[in-house]
Amino acid sequence: MKGNEMDIDPSDSAKRQLQFRSCYVYFDDKGVVLTPVGPLDPKKPNWSWRRPILPYLRLSGDPSAQELGLAVQRALTCEPVAPSTTTGPGSVEAALKAVGYHGLTLLERSSRSLTVEDHVDRVEVRGFSNEPDASTKMETCSFDPEKIGQTLLSLLPSCPKPDPLVPPRPGKSYSLPRPSPRMDGGVPQTFGYKRSWIVVDSTDAEAVALALGLKELREQTWDLDPYDLDGVFVSPSVLGWTFILGHDAGWSGNPGPDTEISQLLCDLSRRFGEAQFFTNHRVVSLAGWARAVEGQIVRAYVNADDVRWDEGGLTDEERELGFENFVRLDTKVEELGELDIPDESDVMTLAGRWSINPEELDAYESEGPGFLGDLN
């Protein structure tokens, strides 16, 4: 572990008594990557919102059980560090690059992973899967490094292989000649759940921002929190798609035919060729999507306890995903028991077929700049 040693005594029980600690262990084809998992503020732990934090540690090759267990002990007892920025030194991006990955999505999709939790009186090791209903095995052991390593290695064969990335659909603008970007757009930030967003087939974020009528434009990379925006964000493009995000954008409140979002999609697609809209919020059972090409809505569907918008025929992608089984606007009462309603995961999956799944954005490069602006 040259260059990665941490000045921590793994047997320090005082730290272990504070609260149980946790870490992720990723096995890829180059070795093992470990990272602590926890709240960003250790003084206000919220273990229902655990996430990988700094530091990341790479063990190359095929480590022994003892080496693996010692590395896990260090990850469990180190002081977690909140990223100083989204990009640059001290960021998750920099930590991932140091262990050989462009983004967390690529690490997760390239590895079998396990979680290790230190409950002081025992250590729990279990296989990890992003699938909500996946069955994984769990074993317990002592805090002894050899035991931890042996337990990890014994459970590894039962860990599910992650699903590969679904190839996104690049925008037509991605293949068009264009000048070199003035700045690096940064590693795209993932988002998606409880959000609404528009994606436009353009590599020119400034042109998109001006088409929206945004004021007070200022250049902005992906170095921000998509869930906490100061204005409307028009992103650096990713594979020819420019994303529009912002709670105060006005169009996210009531999607439907003859509404602001319908008109906006038509206007944007008339200017740029294609524009798409996605929305979801599990609390109100909201799930929806819309697609406009050359100034016309070619497909739209929004369901929030009932069908609010159902326009155009199902696309090939919807049929491939089995969306013909969703309740439609013309569904008869006697047919309801035979049909399904969409959820947030369906929105993400379709976004990955029509353009890009925003949960997987960090797997791809971006071209800057993007822009922040205000509507009023």
From CA spacing to verdict: side chain to side chain contact (heavy atoms under 4.5 Å, CB included), Trp289, Val347: CA-CA 7 Å; Trp289 45 87; Val347 177; 4.0 Å; yes
Distance under 6.0 Å and angle within 45° of ring axis: Arg112 vs Tyr26: no
Evaluation steps, side chain to side chain contact (heavy atoms under 4.5 Å, CB included), between Phe191 and Gln189: CA-CA 7 Å; Phe191 66 91; Gln189 300 300 302; 5.9 Å; no
Nearest-0.5 Å distance, SG of residue Cys78 to CG of residue Leu54: 9.5 Å
Min side-chain heavy-atom separation Ile356-Val199 under 4.5 Å: no
Heavy-atom closest pair, residues Pro255 and Ile261: CA-CG2, 3.6 Å
Leu210 with Leu375, same ILVMFWY side-chain cluster at under 4.5 Å: yes
Heavy-atom closest contact (Cys266 atom, Ser269 atom, distance): O-OG, 3.0 Å
Side chains of Gln296 and Glu294, donor plus acceptor under 3.5 Å: no
Distance-minimising heavy-atom pair for Gly231 and Leu372: C-CD2, 4.4 Å
Residue pair Ser142 / Asp144, side-chain donor-acceptor N/O under 3.5 Å: no
More than 12 heavy atoms of other groups within 6.0 Å of Asp225 CG: yes
Lys/Arg N to Asp/Glu carboxylate O, Arg126 vs Glu117, below 4.0 Å: yes
Minimum-distance pair of heavy atoms, taken over all atoms of Ala205 and Pro369: CB-O, 3.4 Å
Within-4.5 Å side-chain heavy-atom neighbours: His102 and Leu96: no
Lys NZ or Arg CZ of Lys161 over Phe27 ring: under 6.0 Å, within 45°: no
Pro145 side chain near Val72 side chain, heavy-atom distance below 4.5 Å: no
Val293-Leu239 co-clustered via ILVMFWY side chain contacts under 4.5 Å: no
Residue pair Leu321 / Leu350, side-chain heavy-atom distance below 4.5 Å: yes
Ser366 (side chain) donor-acceptor with Gly186 (main chain) under 3.5 angstrom: yes
Donor-acceptor contact below 3.5 Å, side chain Thr331 vs main chain Val327: no
Flag, side chain of Ser158 to backbone of Leu155, donor-acceptor distance under 3.5 Å: yes
Between Asp201 and Ser173: side-chain donor-acceptor atoms closer than 3.5 Å: yes
Side-chain heavy-atom pair Val33, Leu57 within 4.5 angstrom cut-off: no
Asp330 atom CG, over 12 foreign heavy atoms within 6.0 Å: yes
Sub-6.0 Å ring centroid separation between Trp241 and Tyr174: no
Pair Leu76-Cys23, side chain to side chain contact (heavy atoms under 4.5 Å, CB included): steps then yes or no: CA-CA 6 Å; Leu76 290 171; Cys23 73; 4.1 Å; yes
Atom pair CG (Asn325) and CD (Glu338), whose distance is rounded to the nearest 0.5 Å: 10.0 Å
Electrostatic pair Arg109:Glu360 at N-O distance under 4.0 angstrom: yes
Intermediate values then yes/no, side-chain hydrogen bond (donor to acceptor under 3.5 Å, both in side chains), Ser196 and Thr279: CA-CA 4 Å; Ser196 298; Thr279 186; 2.6 Å; yes
Stepwise side chain to side chain contact (heavy atoms under 4.5 Å, CB included) check, Glu367 with Glu365: CA-CA 7 Å; Glu367 298 182 50; Glu365 303 287 346; over 6 Å; no
Arg282 charged N/C atom sitting above Tyr193 aromatic ring, 6.0 Å / 45°: yes
Expected output: side-chain His281 to main-chain Val283 donor-acceptor under 3.5 Å: yes
Lys NZ or Arg CZ of Arg291 over Trp354 ring: under 6.0 Å, within 45°: yes
Taking every non-hydrogen atom, the tightest pair across Gly240 and Thr203: CA-CG2, 3.8 Å
Check: Glu320 side chain, Phe323 main-chain N or O, donor-acceptor pair, under 3.5 Å: no
NZ (Lys172) with more than 12 external heavy atoms under 6.0 Å: no
Side-chain touch Arg299/Asp310, heavy atoms, less than 4.5 angstrom: yes
pair Tyr24-Leu107: side-chain heavy atoms closer than 4.5 Å: no
Smallest separation among heavy atoms of Gly192 and Pro358, with atom names: CA-CG, 4.1 Å
Hphob cluster co-occupancy, Met138 + Leu152, side-chain heavy atoms under 4.5 angstrom: no
Gap separating the OG1 atom of Thr221 from the CG atom of Leu224, nearest 0.5 angstrom: 6.5 Å
Donor-acceptor under 3.5 Å (Asp163 side chain, Leu165 main chain): no
Stepwise side-chain hydrogen bond (donor to acceptor under 3.5 Å, both in side chains) check, Ser202 with Asp204: CA-CA 5 Å; Ser202 175; Asp204 190 342; 5.7 Å; no
Between NZ on residue Lys30 and OG on residue Ser60, distance to nearest 0.5 Å: 9.0 Å
Glu318 versus Thr315, side-chain donor and acceptor atoms under 3.5 Å: yes
Side chain to side chain, Leu286 and Arg308, heavy atoms closer than 4.5 Å: no
Ionic contact status for Glu216 with Arg218, cut-off 4.0 Å: no
Same apolar cluster: Ile244 and Leu217, side chain cutoff 4.5 Å: yes
Residue pair Thr190 / Asp362, side-chain donor-acceptor N/O under 3.5 Å: no
Verify same cluster id: Leu176, Phe272 (apolar side-chain graph, 4.5 Å): no
